[in-house]
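Report on one structure; see the data block that follows.
Only heavy atoms go into these numbers, but all of them, side chains included; no hydrogens, no water, no symmetry mates.
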Amino acid sequence: MSNTRRQYPFNIIEKKWQDFWERREVFRAWNPGEKVPETHCFGLRHKQLPPKLYILDMFPYPSGAGLHVGHPEGYTATDILSRYKRARGFNVLHPIGWDAFGLPAEQFAIKTGRHPREATKENINNFKRQIRALGFSYDWSREVDTTDPGYYKWTQWIFLKLYNSWFNPETNKAEPIDTLEYPPDIGTEEQRRLYRDSKRLAYVSEAPVNWCPDLGTVLANEEVVNGKSEVGGFPVIRKPMRQWMLRITAYAERLLNDLELLDWTPSLKEMQRNWIGRSEGAEARFEIPGFSPGNPETPRDISVFTTRPDTLFGATYMVLAPEHRLVDELIPDAWPEGTPENWKGKEESATKTPRSAVEAYRQYAAARSDLERTELTREKTGVFTGAYAVNPVNDERVPIWIADYVLASYGTGAIMAVPAHDTRDLEFATEFGLPVRVVVQAPGDEDSTGFTGDGVNVNSGFLDGLPTPQAQAKITKWLEERGLGRKTVQYKLRDWLFSRQRYWGEPFPIVWKDGAHYPLSESELPLVPPALPDFKPTEEGEPPLARAVDWVNMPDGSRRETNTMPQWAGSCWYYLRYIDPRNDDEFCSNELERYWMRNLSPDATGGAGKTPTGDEKAGVDLYVGGTEHAVLHLLYARFWHKVLYDLGYVSTPEPFQRLVNQGLILGEDGQKMSKSRGNVINPDDVLAEYGADAFRLYEMFMGPLDMVKPWSTKGVEGVYRFLGRVWRLFIDPASQRTLDQGLTSAENAGTAVLEHVRLNKDIRDVEAGEPQLKALHSCIKKVTEDIEALRFNTAISALMVFVNEAMSWEVKPAGVLAEFLKLLNPFSPHIAEELYQKLSASTGENALEHCETVAYQPWPEWDEKYMVESIVELPVQVNGKLRDKITVQVDADKESIEKAALESERVRSFIDGKEIKKVIIVPNKVVNIAVSK
RNA sequence: GCGCGAGUGGCGGAAUUGGCAGACGCGCCAGACUUAGGAUCUGGUCUCGAAAGGGGUAGGGGUUCGAGUCCCCUCUCGCGCACCA
């Protein structure tokens, strides 16, 4: 270990108190109706259940690499708040668990042939050891593990709720599938089944999906970044496959609107808004003259979505996505006369007919991966289909093109192109020589061609002269009146691709028979995955579960679903399971949910029916985690929560009332920590050298919680020295030397050696003097306010200021120091416990009798009266520049302050011979004398 | 390109509502104790200047008795989104 002498015996102290907290269940969160043992400090303090607070960390994925320094950043912040709020008298729910399904454990299993459960278990144990060593005040009796059958039983149960529900647009809510009404033309049971299956919140789709060959699985849109997998950065291609989808798009509006209810940062809300991507506009129908499709179901016109219906007069061509379903039907046999050569596509062989050109282009577009579409050339490509549509507003014939800059999955998969007022359309029109017609006059002398802002309509018939908003309203009304279109809203948000071709995930509680899917009954849960000799996908590309032939094929001839759920499933609802983690009959009892999420409970103070603040804010009171989950996890969890809310299983519309992202911690070189850079800080090393208290303190002292900041080993030493000073403030130097000798003779000495440590002789049970009370009360005030605002760095600085001053006191009043320890406790609880125990043993100061921990001692209150000085030093400025300082009585009147200021020698030298125009006096702040130049 | 956030000593960062810029920590300098110091304690540390005084919060302009803080313009960095019609 380290060869330098320790500042204080943190290794012994930390072990001692971690064992104590765990053995006594000090941080257990008590449920309504639960009997608190009489000797438990919570029971000693609270005769009635106090208001709750739910303070939550994003639970970690227990990777093989162990904890990194980013984890303890958020965890320390929530731990400080939890300990502080317990001292303030709240019943704090502060749990932890493991998000343990996932790809790394599975890939490890493929490599080694060992079951992923084994690696997962080892990793969890390692994480747990590391987290315990940091002394967080988690209620370990509520630990959850998403891979535990007792947990995923309920993940599967929630899936069945989704499966057995539909979204009723009338009520804007999810409802049980039995409430679905069938249209009159649906008669047979088979038709009813198909209709029902098409409405479920969990449904099967054959649409093209993001297939990642290297990972051997499909991915959700959210897991694909720039055409590569978010995990590993492997290429992703589009491939049609049968997949389970969750109908999150039904909730787009509510997910967007309810952001307003939340105390989240603006940037985080913005990210969610961007992802949901609401845009208002209009659909307009373009007729296709002479088009008579073979299929009577096929519409005879093409709908486009536009956010700028006011530019309809400027639509000079139309573009469909290459995959648009009408393309095949509307292609004519031959090119219209006079079709320019460059409209027919690039490949010579393919340009003979429109059909061959379209086919060639489709192949080209399909071959272009998403990566190429986004990262490489933005050059516009496309071909003319040979067909024409009619602009409804002026009966003009416009050519219909296909191009991959129009996406099949957004809007109607078709656009009207207005090159004069849309950047993309303009590029395309320039490439192919299509007409550009200005219909919006830009304000001022800006060029109207390519202008995309609001202006005034021109060349637009009955819209001429109207400013953009009015023109939009008028044309929309015009289209509606003629049945040619209507106002609509579109979202970027797509339904959530919910199945994965993996082994290490929750199996779907679904069986297939004769091409139809059926749910398992709740009593058959949990559905446990079978043991496998090999965790790879099958040679036929089927998921690994398909290898378990006996498991897949059921006696009655039906076949189990072989896909599994994505890793996000377990994390969508874990915060609810913490509330009631061992319940075998329900995912979470209604009564407990109402207490922990809404503060509603008959035996809680304040009574049922009201939150402590009386407002509607409810849910997890504080949720802390990294920005990497800004869209994925947080959107999915909100979605599940809303479904559970609609179905009556939870009582709040939103799960996480307040959310804070901790900032990234960089390496000492200011670069992102990574193995290849060799700048990774291992928490185990820091802990061994400086101890948990210093580690925690440093993580909070680095800077504001939500900012990106670099690690500094020197900085750790700084806070470590501070804790050494705290130790020396309390401990008698002679007894410290005895302890040191004891420790050198036995490095692994037990807690008994701490008995040799005596309190500093300067600490006496005496009345505190004025400066001492002032130092204490300023510290209480600063620390209290800063913790409330999550400004831990400045709170720590206030603790340092106090210690620096207290070191100089010849006699140190025990009462003052005891209060200080209560302030230090949330930050560095081990040393605070140890010193508090010593101090209270010697003085008997212990507000809660028989309580052996500082954790439940009431938080100190400050009194302003100790902080006000009778005499205050006031800066005097002349024309805003500091010239002198005067000392005045704190309640001096303005006249006497002005007099004192004007009498100052130094001030006079700056104002003599000048005209005094004004004297500004801000009480107890500043004096400013404005004089002529 | 669009959106969000941020630019303060050698470094991490302080500065409730506009009111003494640089708290606290690191680093550095000097001193004390010491066989020794990579322990501890004390003092100093924005900058130019001998001093008086001047300058100073990315740059420029403005509002104000007074601006790190408010307003306008410019620059730089970070994050997010990125053909979403």
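- Across the strands present, B:G12 finds its partner in B:C24; the criterion is a Watson-Crick or G-U wobble pair with both atom distances under 3.5 angstrom.
- A 3.5 Å limit on both hydrogen-bonding distances identifies B:C75 as the Watson-Crick or G-U partner of B:G7.
- Here, B:G37 and B:A32 have their C1' atoms 13 Å apart, quoted to the whole Å.
- Side-chain contact annotation: A:Thr249 with A:Asp495, donor-acceptor N/O pair under 3.5 Å present.
- Remark: A:Val489 engages A:Arg278, A:Glu280, A:Tyr491 in a side chain to side chain contact (heavy atoms under 4.5 Å, CB included) (not counting sequence neighbours).
- When rounded to the nearest whole Å, the span between CZ of A:Phe286 and P of B:A85 equals 17 Å.
- Only the C1' atoms considered, B:G9 is 14 Å distant from B:C24, to the nearest whole Å.
- Partners of A:Phe432 according to the ring-ring contact (aromatic ring centres under 6.0 Å, His included) rule, which considers only residues two or more places apart in sequence or in another chain, are A:Trp401, A:Phe428.
- B:G43 adopts an anti glycosidic conformation, its chi angle falling more than 90° from 0.
- A distance of about 11 Å separates the C1' atoms of B:G1 and B:C83, rounded to the whole Å.
- Between the P atoms of B:A67 and B:G19, the separation comes to 11 Å (whole Å).
- The salt bridge (charged side-chain N to carboxylate O under 4.0 Å, His left out) check on A:Asp669 picks up nothing, with sequence neighbours excluded.
- The closest side-chain donor-acceptor pair between A:Asp425 and A:Tyr405 falls under 3.5 angstrom.
- Here, B:G18 and B:G13 have their C1' atoms 22 Å apart, quoted to the whole Å.
- Rounded to whole Å, the separation between the C1' atoms of B:G59 and B:C77 comes to 15 Å.
- Contacts between residues 727-734 of chain A and RNA chain B, counted as heavy-atom distances below 4.0 Å, involve A:Arg728.
- A salt bridge does not link A:Arg362 with A:Glu323: every distance from a Lys NZ or Arg NE/NH1/NH2 to an Asp or Glu carboxylate oxygen is 4.0 Å or more.
- A gap of 15 Å separates the C1' atoms of B:U69 and B:G62, to the nearest Å.
- Checked against side chain to side chain contact (heavy atoms under 4.5 Å, CB included), A:Asn274 has the following partners two or more places apart in sequence or in another chain: A:Glu270.
- Look at A:Arg273 and you won't find any side-chain N or O under 4.0 angstrom from OP1 or OP2 of B:C2.
- In terms of the ring-ring contact (aromatic ring centres under 6.0 Å, His included) criterion, residue partners of A:His777 (sequence neighbours excluded) are, by chain and number, A:Tyr866.
- If you check every strand for non-hydrogen atoms under 4.0 Å, A:Ser279 touches sugar and phosphate atoms only.
- With sequence neighbours excluded, no residue forms a salt bridge (charged side-chain N to carboxylate O under 4.0 Å, His left out) with A:Glu260.
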Check nucleotides 44-53 of chain B for protein N or O atoms closer than 3.5 Å to its own N or O atoms and list the pairs.
none

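- The residue among A:Gly718 and A:Lys881 whose nearest nucleotide of RNA chain B lies closer to the 5′ end is A:Gly718.
- Among the atoms of the strands shown, base atoms are found under 4.0 Å from some heavy atom of A:Lys492.
- Base-pair partner of B:A50: not found among the strands shown (Watson-Crick or G-U wobble, both distances under 3.5 Å).
- Nucleotides B:U74 and B:C81 have their P atoms positioned 26 Å apart, rounded to a whole Å.
- Residues that satisfy the salt bridge (charged side-chain N to carboxylate O under 4.0 Å, His left out) test with A:Glu898, not counting sequence neighbours, are absent from this structure.
- With a cut-off of 3.5 Å on both pairing distances, B:G56 has no Watson-Crick or G-U wobble partner at all.
- A:Glu73 has a carboxylate O that lies under 4.0 Å from a charged side-chain N of A:Lys709, or vice versa, which qualifies the two as a salt bridge.
- Searching all strands for a Watson-Crick or G-U wobble partner of B:G80 with both distances below 3.5 Å returns B:C2.
- Taking atom OH of residue A:Tyr8 and atom P of nucleotide B:U40, one finds them 14 Å apart after rounding to whole Å.
- A:Glu717 comes within contact range of no nucleotide atom at all, as no heavy-atom separation falls under 4.0 Å.
- Summarising the geometry, the separation between CZ on A:Phe722 and P on B:U40 is reported as 14 Å, rounded to the nearest angstrom.
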Step by step, would you call A:Thr412 with A:Glu283 a side-chain contact (heavy atoms from CB on, under 4.5 Å)? CA-CA 8 Å; A:Thr412 61; A:Glu283 253 175 57; 4.0 Å; yes
How would nucleotides 14-22 of chain B be written as a contact map, 5' to 3', with B for base contact, S for sugar-phosphate-only contact and - for no contact, using protein heavy atoms under 4.0 Å? S----BB--
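- When the side chain to side chain contact (heavy atoms under 4.5 Å, CB included) test is applied to A:Ser409, the partners found at least two apart in sequence or on another chain are A:Leu407, A:Arg494.
- In this entry B:U40 has B:A32 as its Watson-Crick or G-U wobble partner, both defining distances falling under 3.5 Å.
- Rounded to an integer number of Å, the gap from CD of A:Gln472 to C1' of B:A85 is 13 Å.
- In this structure, A:Ser712 reaches neither bases nor backbone, as no heavy-atom distance under 4.0 Å exists between it and the strands shown.
- Of the candidates B:G25, B:A85, B:C65, B:C65 carries the atom nearest the A:Lys918 side chain, counting heavy atoms from C-beta on.
- A cation-pi geometry, defined here as NZ or CZ lying under 6.0 Å from the six-membered ring centre and within 45° of its normal, does not hold between A:Arg908 and A:Phe910.
- For A:Gln7 and B:U40, the shortest distance from a side-chain N or O to OP1 or OP2 is below 4.0 Å.
- The CZ atom of A:Phe701 sits 8 Å away from the P atom of B:C26 (whole-angstrom rounding).
- Across every strand in view, B:U64 sits unpaired, with no contact that passes the Watson-Crick or G-U test at under 3.5 angstrom.
- Pairs engaging residues 874-886 of chain A under the salt bridge (Lys or Arg N to Asp or Glu O under 4.0 Å) rule: A:Asp884-A:Arg906 [sequence neighbours left out].
- One finds no side-chain N or O of A:Arg725 lying less than 4.0 angstrom from the OP1 or OP2 phosphate oxygen of B:A39.
- Nearest nucleotide to the side chain of A:Tyr410, out of B:A85, B:C41, B:C26: B:A85.
- Residue side chain A:Lys380 reaches the base of B:C83 through a donor-acceptor N/O pair under 3.5 Å, judged by distance alone.
- Nucleic acid contact class of A:Asn804 (heavy atoms, under 4.0 Å, all strands): sugar-phosphate only.
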